[in-house]
Amino acid sequence: EDQVTQSPEALRLQEGESSSLNCSYTVSGLRGLFWYRQDPGKGPEFLFTLYSAGEEKEKERLKATLTKKESFLHITAPKPEDSATYLCAVPGSARQLTFGSGTQLTVLP
Amino acid sequence: NAGVTQTPKFRVLKTGQSMTLLCAQDMNHEYMYWYRQDPGMGLRLIHYSVGEGTTAKGEVPDGYNVSRLKKQNFLLGLESAAPSQTSVYFCASSYGTGRTEAFFGQGTRLTVV
């Protein structure tokens with residue numbers, strides 16, 4: 001059974017204070033790892049897919065990396081508009097996703 | 001350019017009532033999914049479909065039924081609602097091949113009293 005664990009559950013940063021979110025996973029065969037952003041009252045919004053250890057992807061202030069056991073979402077010089085819940089997930093054979101519980105990020109001005 | 005649309009956005013039901021949630025996607029995706037999201041539990045898969053006319057159970061299927069009569073629509077039914085089904089429901093869809101990411105609707109907030 002696929003399992004995904006995210007830490008920390010919540011993170012408060014000052015604007016400009018860089019940090020990282022962690023996603024550790026246990027799967028029978030990795031078909032990719034997804035990062036999503038979810039704003040309050042909205043559905044998850046796709047950010048990145050990583051497929052193999054060593055792969056990195058970037059989007060604005062966000063960079064996602066992948067190892068054989070975990071993924072990190074690095075946030076560089078965050079702004080208040082980066083405040084959201086960040087979810088990671090792994091897909092099954094029918095692309096159905098197993099999600100972690102998420103990290104709720106708050107960036108204070 | 002609607003993407004994934006869920007209807008309704010909010011609903012209050014009495015225990016024992018039935019209802020159907022509608023999900024429609026305009027991206028010609030093969031795969032569609034229903035998830036529920038509860039505080040502290042994250043997103044959990046209820047049912048999914050890998051094509052028109054097919055459905056399969058997810059992690060938490062009890063108390064729900066689904067149908068995929070048309071490729072663009074995926075219906076989630078509650079035959080006899082229970083307070084434990086109070087949740088936010090999300091529909092998602094993805095391609096069957098190639099790009100693998102799923103696209104989500106805006107959610108339906110359901111309260112069963």
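Side chains are part of it too, since the values below use all heavy atoms of this structure and drop only hydrogens, waters and symmetry mates. Here the structure is a predicted model, which means the values were calculated and not measured.
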Problem - Toward chain B, the part of E45(A) with a non-hydrogen atom under 4.5 Å - result: neither

Exercise for the section: Would you confirm whether Y48(B), through its side chain, and R95(A), through its main-chain N or O, come within 3.5 Å as a donor-acceptor pair? Expected result: no

Exercise for the section: Determine whether Y31(B) and V66(B) fall in the same hydrophobic cluster, where Ile, Leu, Val, Met, Phe, Trp and Tyr are linked whenever their side-chain heavy atoms lie under 4.5 Å apart. Expected result: no

Handout entry: Within 6.0 angstrom of Q17(B) CD, more than 12 heavy atoms from elsewhere
Key = yes

Problem - Cluster overlap L21(B) with F103(B), hydrophobic side-chain contacts below 4.5 Å - result: no

Handout entry: Side-chain heavy-atom pair L45(B), F99(A) within 4.5 angstrom cut-off
Key = no

Handout entry: Atom NZ of K42(A): over 12 foreign heavy atoms under 6.0 Å
Key = no

Problem - Side-chain heavy-atom pair L43(B), L87(A) within 4.5 angstrom cut-off - result: yes

Fill in the blank from the handout: To the nearest 0.5 Å, atom CD of Q96(A) lies from atom OH of Y33(B) at 6.5 Å

Handout entry: Between Q37(B) and Q38(A): side-chain donor-acceptor atoms closer than 3.5 Å
Key = yes

Practice task
Answer yes if F48(A) and F72(A) sit in the same cluster of Ile, Leu, Val, Met, Phe, Trp and Tyr residues linked by side chain heavy atoms under 4.5 Å apart, and no otherwise.
Solution key: no

Practice task
Sort out for me which of G32(A), S101(A), G41(A), P44(A) touches chain B most, counting heavy-atom pairs under 4.5 Å.
Solution key: P44(A)

Problem - Heavy-atom pairs under 4.5 Å with chain A, option from C91(B), A102(B), G42(B) with the top count - result: A102(B)

Practice task
Select one option (side chain, backbone, both, neither) describing which atoms of P91(A) are under 4.5 Å from chain B's heavy atoms.
Solution key: neither

Practice task
Assess whether atom NZ of K79(A) is packed by more than 12 heavy atoms of other residues, nucleotides or ligands within 6.0 Å.
Solution key: no

Handout entry: Reported OG1-to-CD distance for the pair T98(A) and E59(B), which is rounded to 0.5 angstrom
Key = 7.0 Å

Problem - ILVMFWY cluster, L47(A) and L50(A) together (side-chain gap under 4.5 Å) - result: yes

Exercise for the section: Report whether W35(A) and I75(A) are members of the same hydrophobic cluster (ILVMFWY, side-chain heavy atoms less than 4.5 Å apart, transitive linking). Expected result: yes

Problem - Reported CZ-to-OG distance for the pair F46(A) and S94(B), which is rounded to 0.5 angstrom - result: 11.5 Å

Exercise for the section: Could you check if a side-chain atom of F104(B) sits within less than 4.5 angstrom of a side-chain atom of Y36(A), using non-hydrogen atoms only? Expected result: yes

